[in-house]
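Have a look at the structure below before the remarks.
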Amino acid sequence: MAKDMLAATGAAALQGLIWPELGICTEQELYLRPQGPVAVLPDQRELRFEAGGHVSFGSWFNLFNLEKWQRECGLQSLSLELQGEGAFELVVFLVPRGQSWDRVVSTYAEFPQDGRLRVDLDHVLAPGFRPGVLFFELRAMGPGRLSGASWQTRDAPRRAPQLALAVTTFKREAAVARTVERFAAFRDSSWMKPHVQMIVTDNGQSVDLPPREGVTLVPNENLGGAGGFTRGLLEARAQGASHCLFMDDDASIHMQSLERTWMFLAYAEDPKTAVAGAMISEQHRWAIWENGARFFARCQPLHMGTDLRDMARMLAMEHETAQPVPEDFYGGWWYFAFPVAQAEHLAFPFFVRGDDVSFSLANDFNITTLNGVVSFQESFTEKESPQTWYLDLRSHMAHHLSLPQMDVGARGVLKIAAWFFLRNLPRMHYDTLAAINLAVEDVMQGPGFFDENADMAGRRADLKALTTSEAWQDLDPRRELPPVRHHPPAAWKRHLMKLTLNGLLIPGFARLGGKITLEAQNRSHIGFAWGAAEITCLNAERTKSYTVRHSKSAAWRETGRFLRNARAFLKGYDALAAEYRSRYGQLTSDDYWQARLGFAAPQERQAAE
């Protein structure tokens, strides 16, 4: 293990401070909460104080989830080390679940000449204390400075992970180049340097990177995220990595998340431990989009909408995440670190959408989340299209057909498809209804369809061709839009319109129904559609739009098609489920993917050359 990770006391820093960072997130309350004469200098990673200046690190990025570290890592020792100068009142709070907070440290603290102040916290590990989360606060007695802090332990780590970051990219040359630059700069200055490398799988075979120590560029056939991440995993195995981290090519993360992840994997008692990063939408960088998720019949993002600026809500989320996760828990591939040896099943060839769900559920990982380990992403709402509905539905159905623990029977699987269909019928998204029908028909072809269409080239063309009314168009700023609907209609009107399938059973509804505009955050909500015969949808920047209109012919055409598909699905379910389950192991095996990707281990490539 690298000596640089050890403090002068012989303790290892489990978790250091993460600072606001321009280009990632500058929502200050997510990192620290200053009051009074305190200057926050994130570029220098430093705080400057005058007398009376106060700062709290009771924030999502910088609290320490003691309960989680105790349960998963069995901590036997703990301390807090601060770097700086000056004299302060130092308070360390322990916040147990559902109980009053304890001031486990409340003292006058003056930095010694070497600028390192260490506070022993072993007493909070004693049986008399209920586990919870820890954070500290400082109040300056005079001029002072804080340049760093870390939660430390004298315990020996159980392993020294060799971590390979597997990044998949397709025709995003600028984004991946920025990610490589950030990673290379981080690696050069981090104690992790001997323990971390990056493997960039280039599905577009268009990336040209200058040589970088610790970075490998691998041209690859475009088989989507499933093929790209699988190639990264195969390369990581061949290069001797013990752990692999699937990560997006724009890598909108604080690089310190890598250190935090590595330390947790190093100390975890269970060698099957994996870390799932949270996701925050770039639209609102203060709100959780997903902090882990569950899958059963549909994807259920956990803690969606949690305002991280709200300390009570943030702490409640952290207390809940300290509990063992349910068996249907999965981690998204924007940030998912796992032990390579535990990946008995590789990805199912979904191309994209659903590969991360299948991977988590099929493999026996002990998944956890860590505060502050998060990727900032484009809004999923913004990405919604007939193609995403198609991809989501076929993966939802395939999960339940393939995995025995997901068995819900024929009607249960069909109910999922019906839910997808009925979410779009009242919204008049007839292109999406056609895509949903296509997904059901493709799933009914059996698992061989996914093998034969692993590159999705044909289906992507088909879906593009059927997307007519739901295709985004540049918005003419001079165009007068229908009134924006900010709230769903009254309850009585919603109930009335449900009885008519939003006017489908009313003659002449195309003329009688309302014309409305929906902003980006509301376009997917069915409640806003009731009573409308024409809906104009806007993107978040209000630069693009599309308009859907009531059409009885399109609605009945796709409804009839769905009912025929449903009848055929119920009739053939038993044979179909048996085929998916019998072939799942083969389609997620090393042999399948090595042949599909033309993969050869580095030593085999050298011999061939």
Side-chain angles (χ1 to χ4, degrees), residues 65 67-74 97 131 226 229 233 243-246 261 264-265 268-279 288-304 306 316-348 350 353-371 373 392-413 415-416 419 577-578 580-582 584-585 587-589:
N65 195 319
E67 182 174 5
K68 190 175 296 185
W69 280 86
Q70 278 187 285
R71 192 193 76 234
E72 297 293 340
C73 302
R97 185 185 307 106
F229 283 115
L233 174 53
H243 291 74
C244 189
L245 169 56
F246 289 165
T261 299
F264 197 85
L265 295 173
E269 292 184 309
D270 187 347
K272 298 182 292 186
T273 296
V275 174
M279 197 252 272
I288 287 287
W289 181 275
E290 176 178 313
N291 194 9
R294 301 180 67 176
F295 179 86
F296 195 84
R298 60 188 178 93
C299 295
Q300 303 169 56
L302 299 179
H303 310 291
M304 178 179 277
T306 299
M317 179 183 74
E318 274 306 298
H319 283 137
E320 188 172 336
T321 66
Q323 301 302 297
V325 301
E327 295 204 356
D328 57 3
F329 188 94
Y330 74 91
W333 280 1
W334 49 80
Y335 192 105
F336 187 69
F338 59 92
V340 167
Q342 203 61 36
E344 296 180 4
H345 291 277
L346 304 183
F348 190 86
F350 284 123
R353 298 260 179 169
D355 39 12
D356 48 6
V357 177
S358 178
F359 189 73
S360 289
L361 298 181
N363 291 305
D364 187 19
F365 298 126
N366 172 34
I367 305 176
T368 191
T369 59
L370 295 176
N371 60 290
V373 175
D392 279 342
L393 177 56
R394 69 175 199 162
S395 67
H396 277 56
M397 296 179 74
H399 297 327
H400 288 281
L401 288 162
S402 302
L403 302 173
Q405 69 269 35
M406 292 283 109
D407 184 18
V408 292
R411 294 184 182 279
V413 179
K415 185 177 179 181
I416 297 168
W419 184 86
Y580 270 94
R581 291 177 191 178
S582 67
Y584 185 84
L587 291 174
T588 58
S589 67

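Nothing fancy with the numbering, it's 1 onward along the sequence.
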Flag the pair [X] / [Y] as yes when at least one side-chain heavy-atom distance between them is below 4.5 Å, and no otherwise.
X	Y	result
Lys68	Leu370	yes
His345	Ser589	no
Tyr584	Ser358	yes
Glu67	Gln323	yes
Ile288	Met304	no
Met279	Tyr335	no
Val275	Phe264	yes
Trp333	Asp355	yes

Ring centroids only, cut at 6.0 angstrom: are [X] and [Y] within range, meaning strictly under it?
X	Y	result
Phe365	Phe338	yes
Tyr580	His400	no
Phe359	Phe229	no
Phe350	His399	yes

Just verifying a value: how many Å separate [X] [atom1] and [Y] [atom2], rounded to the nearest 0.5 Å?
X	Y	atom1	atom2	result
Gln300	Asp328	CD	CG	7.0 Å
Leu361	Phe296	CG	CZ	10.5 Å
Cys299	Asp392	SG	CG	6.5 Å
Thr369	Asn291	OG1	CG	4.5 Å
Met397	Met406	CE	CE	15.5 Å

Which atom of [X] lies closest to which atom of [Y], heavy atoms considered:
X	Y	answer
Pro339	Thr273	CD-O, 3.2 Å
Ala278	Trp334	O-NE1, 3.2 Å
Ala293	Pro301	CB-CA, 3.9 Å
Tyr330	Ile367	CA-CD1, 4.3 Å
Pro326	Arg294	CG-NE, 3.3 Å
His243	Leu265	CD2-CD1, 3.8 Å

*Within a reach of under 6.0 Å around CD of Glu344, are more than 12 heavy atoms found that belong to other residues, nucleotides or ligands?*
no

*Could you walk me through whether Leu393 and Ile416 pass the side chain to side chain contact (heavy atoms under 4.5 Å, CB included) test, one step at a time?*
CA-CA 8 Å; Leu393 177 56; Ile416 297 168; 4.3 Å; yes

*asked:* Hydrogens and angles aside, do Glu72 and Asn366 bring a side-chain donor and acceptor to less than 3.5 Å of each other?
replied: yes

_Flag for Gln342-Asn363: side-chain donor and acceptor within less than 3.5 Å_ = no

*Using the side chain to side chain contact (heavy atoms under 4.5 Å, CB included) rule, take Ser360 and Phe295 through it: C-alpha gap first, then chi angles, then the decisive distance, then the call.*
CA-CA 10 Å; Ser360 289; Phe295 179 86; over 6 Å; no

*Kindly determine whether Glu290 and Leu302 satisfy side chain to side chain contact (heavy atoms under 4.5 Å, CB included), including the steps that lead there.*
CA-CA 5 Å; Glu290 176 178 313; Leu302 299 179; 5.9 Å; no

_side chain to side chain contact (heavy atoms under 4.5 Å, CB included), that's the test. Do Asp356 and Phe246 meet it? Break it down for me._
CA-CA 10 Å; Asp356 48 6; Phe246 289 165; over 6 Å; no

*Indicate yes or no for a side-chain donor-acceptor contact from Thr321 to the backbone of Glu318 under 3.5 Å, with no hydrogens or angles considered.*
yes

